[in-house]
Trainee: 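Quick one: the structure is below, and I'll ask about it shortly.
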Protein chains: 2
Amino acid sequence: MLLSQTCIYGLRASALLASKSRADYTTIRELSDELDISFHFLTKVLQKLTKSELLESYKGPNGGVKLARTASDIKFMDVVLSIDGDSLLHECALGLPGCGILEPCPMHDQWSGLKQNIVTMMKDITLKDLANNYNSTHLTFDSFNKGNQV
Amino acid sequence: MLLSQTCIYGLRASALLASKSRADYTTIRELSDELDISFHFLTKVLQKLTKSELLESYKGPNGGVKLARTASDIKFMDVVLSIDGDSLLHECALGLPGCGILEPCPMHDQWSGLKQNIVTMMKDITLKDLANNYNSTHLTFDSFNKGNQV
DNA sequence: GTATATTAAGACAAAATAGTCTTATATATT
DNA sequence: AATATATAAGACTATTTTGTCTTAATATAC
Ligand code: SF4
Ligand code: SF4
């Protein structure tokens with residue numbers, strides 16, 4: 001897995017938030033219900049995004065969370081960096097230690113090209129993109145998760 | 001991380017084995033020393049490769065492990081499949097549940113292309129490729145692992 | 001100000017992954 | 001046969017990741 005489970009939750013919640021109006025706060029309970037993620041766990045995940053100032057939170061009645069910027073202004077990568085940190089950028093996802101510049105392994109050129117493409121994609125795609133074709137079934141039910149081809 | 005730590009160990013040991021003669025068995029102790037991996041842990045990892053018939057093992061004096069086939073005949077992907085299974089092939093490494101064919105998310109086309117490239121690379125590269133430019137420093141010391149760019 | 005709704009924080013528990021250690025088994029040498 | 005050398009197997013521990021629960025803090029409404 002390229003991204004932690006925690007990060008995935010953050011991405012799914014962010015995408016869902018991006019499909020909602022920024023005029024109102026959405027409660028984490030509503031998000032956790034729609035996404036079928038544990039409320040308490042999602043709360044902790046979103047706290048990271050709030051601290052990173054990708055989300056804004058508000059306590060009390062009519063409180064909740066909302067995007068801190070417009071959906072088109074928040075990149076997929078912003079969420080990844082906030083939750084998983086920058087290891088994706090700096091470490092070889094193949095996991096082979098001793099990195100590329102000094103002593104490249106035979107896969108390095110190919111791999112680093114592919115990896116750069118992934119990073120570019122994550123830096124290109126915004127929450128608006130994710131929200132555009134948003135399909136609640138897709139982002140919601142884990143039951144679809146088994147045995148599907150990618 | 002795309003591959004488990006266990007899988008990385010298997011790959012590093014396999015690459016090292018590929019740089020050695022198939023006429024002799026190499027002891028796991030020798031591999032674990034050269035790669036700076038716990039002997040007992042590496043033993044368990046290599047047992048998987050032996051069960052998958054990528055390696056052959058032999059007990060007793062002058063025993064050890066060796067490649068079951070020529071290095072050019074064993075793919076990077078063979079090792080990955082043996083140790084991590086086929087989740088890399090079937091699951092979205094982005095982790096978003098509910099997969100691509102029925103309800104593709106907006107990233108699907110891009111992502112599935114990139115992912116296919118990774119899979120193709122892993123199916124293309126053989127242990128011989130890894131062994132060719134083999135550099136023991138690179139595959140050995142974790143101290144190089146921090147802060148290098150990929 | 002009291003009750004209610006909400007996020008924040010942190011202690012705690014469970015599960016998955018990684019790593020260690022001991023014993024069993026097979027082989028070779030003498 | 002006895003000893004030494006090796007992998008195989010499995011119990012055990014440690015660490016990380018994931019998930020749960022309780023309490024604190026903050027805001028609203030009445
Ligand atoms: S040389 Fe490149 S591909 Fe190979 S292990 Fe290092 S960073 Fe990864
Ligand atoms: S649609 Fe494709 S990219 Fe998106 S989550 Fe599913 S498999 Fe992954």
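Protein chains get the first letters and strands the later ones, always in sequence-line order, with residue 1 at the start of each.
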Trainee: Just so I know, are the side chains of B/Met121 and A/Leu114 near enough to count as touching, which here means a heavy-atom distance under 4.5 Å?
Mentor: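 Counting from C-beta outward, B/Met121 and A/Leu114 do come under 4.5 Å.
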Trainee: Between A/Leu16 and A/Arg12, is the side chain to side chain contact (heavy atoms under 4.5 Å, CB included) condition met? List the steps.
Mentor: CA-CA 6 Å; A/Leu16 182 50; A/Arg12 291 172 61 204; over 6 Å; no
Trainee: On DNA chain D, compare the nucleotides closest to A/Cys7 and A/His40; which residue's is nearer the 5' end?
Mentor: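 This one resolves to A/Cys7.
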Trainee: First locate atom OH of B/Tyr9, then atom CG of B/Asp36, and finally report the distance between them rounded to the nearest 0.5 Å.
Mentor: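 Spacing of OH (B/Tyr9) from CG (B/Asp36) equals 9.0 Å.
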Trainee: In this structure, how many angstroms lie between the P atom of D/dT18 and the CD1 atom of A/Ile8, rounded?
Mentor: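 Whole-Å distance recorded here is 10 Å.
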Trainee: Verify the contact: side-chain N or O of A/Thr6 to OP1 or OP2 of D/dT18, cut-off strictly under 4.0 Å; return yes or no.
Mentor: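 For D/dT18, OP1 or OP2 has a side-chain N or O of A/Thr6 closer than 4.0 Å.
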Trainee: From D/dA8, D/dT20, D/dT28, pick the nucleotide closest to the side chain of A/Asn62?
Mentor: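 Per side-chain heavy atoms of A/Asn62, the pick is D/dT28.
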Trainee: For A/Asp129 and A/Thr126, test the side chains for any donor-to-acceptor distance below 3.5 angstrom and give the result as yes or no.
Mentor: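 Yes, side-chain donor-acceptor contact under 3.5 Å.
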Trainee: How close or far is atom P of C/dT23 from atom CZ of B/Phe39, stated in whole angstroms?
Mentor: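 The distance from CZ of B/Phe39 to P of C/dT23 comes to 16 Å, rounded to the nearest Å.
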Trainee: Figure out the CG/P separation between A/Leu46 and C/dA9, and round it to whole Å.
Mentor: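 These atoms are roughly 13 Å apart.
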Trainee: If you look at every heavy atom in B/Ala13 and B/Leu46, which pair is closest and at what distance?
Mentor: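 Reported closest heavy-atom pair: CB-CD2, 3.9 Å.
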Trainee: Find the distance B/Arg29:CZ to D/dA4:C1' and express it as a whole number of Å.
Mentor: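 Rounding to the nearest Å, CZ of B/Arg29 and C1' of D/dA4 are 15 Å apart.
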Trainee: Output yes when at least one side-chain N/O atom of B/Tyr9 is less than 4.0 Å from OP1 or OP2 of C/dG19, else no.
Mentor: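 Result: yes.
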Trainee: List the steps, then state whether side chain to side chain contact (heavy atoms under 4.5 Å, CB included) holds for B/Thr70 with B/Arg22.
Mentor: CA-CA 8 Å; B/Thr70 61; B/Arg22 273 186 71 216; 3.4 Å; yes
Trainee: On DNA chain C, compare the nucleotides closest to A/Lys51 and A/Gly63; which residue's is nearer the 5' end?
Mentor: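 Nearest nucleotide further toward 5': that of A/Gly63.
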Trainee: Output the residues of residues 52-60 of chain B in contact with DNA chain C, where contact means a heavy atom of the residue under 4.0 Å from an atom of the strand; sort by number or write none.
Mentor: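 B/Tyr58, B/Lys59, B/Gly60, in order of number.
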Trainee: Is B/Lys20 salt-bridged to B/Glu30, going by a charged N under 4.0 Å from an acidic O?
Mentor: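 Counted as a salt bridge, because a side-chain N and a carboxylate O are separated by less than 4.0 Å.
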Trainee: Does B/Lys44 make a side-chain donor-acceptor contact with the base of D/dT7, cut-off 3.5 Å?
Mentor: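 Per atom types, no contact qualifies.
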Trainee: From NZ of A/Lys48 over to C1' of C/dA9, roughly how many Å is that when rounded to an integer?
Mentor: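 These atoms are roughly 14 Å apart.
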Trainee: Atom CG of A/Asp84 and atom P of D/dT16: how far apart are they, to the nearest Å?
Mentor: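 The answer, rounded to whole Å, is 16 Å.
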Trainee: Just how far, in rounded Å, is C1' of C/dT6 from CD of A/Gln47?
Mentor: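 The answer, rounded to whole Å, is 12 Å.
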Trainee: Does D/dT20 have OP1 or OP2 sitting under 4.0 Å from an N or O in the side chain of A/Ser38?
Mentor: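 A/Ser38 to D/dT20 OP1/OP2: side-chain N or O found under 4.0 Å.
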Trainee: Does some side-chain heavy atom of A/Leu67 sit less than 4.5 Å from a side-chain heavy atom of A/Leu54?
Mentor: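 Side chain of A/Leu54 against side chain of A/Leu67, heavy atoms only: no contact under 4.5 Å found.
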Trainee: Just checking A/Ile28: base, sugar-phosphate only, or nothing, at a heavy-atom cut-off of under 4.0 Å?
Mentor: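 Touches sugar-phosphate only.
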Trainee: Rounded to whole angstrom units, what separation is found between the CG atom of B/Asp24 and the P atom of C/dA28?
Mentor: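 Interatomic distance, CG of B/Asp24 to P of C/dA28: 14 Å.
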Trainee: Please work out which of the three classes, parallel, tilted or perpendicular, describes the rings of B/Tyr25 and B/Tyr58, given edges at 30° and 60°.
Mentor: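 Ring orientation of B/Tyr58 relative to B/Tyr25: parallel.
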Trainee: Could you give all pairs that pass the side chain to side chain donor-acceptor pair (under 3.5 Å) test and reach residues 73-84 of chain A, with sequence neighbours left out?
Mentor: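 Found A/Ser4-A/Asp84, A/Ser52-A/Ser82.
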Trainee: Mind listing the N/O atom pairs, protein and nucleotides 1-4 of chain C, below 3.5 Å?
Mentor:
none

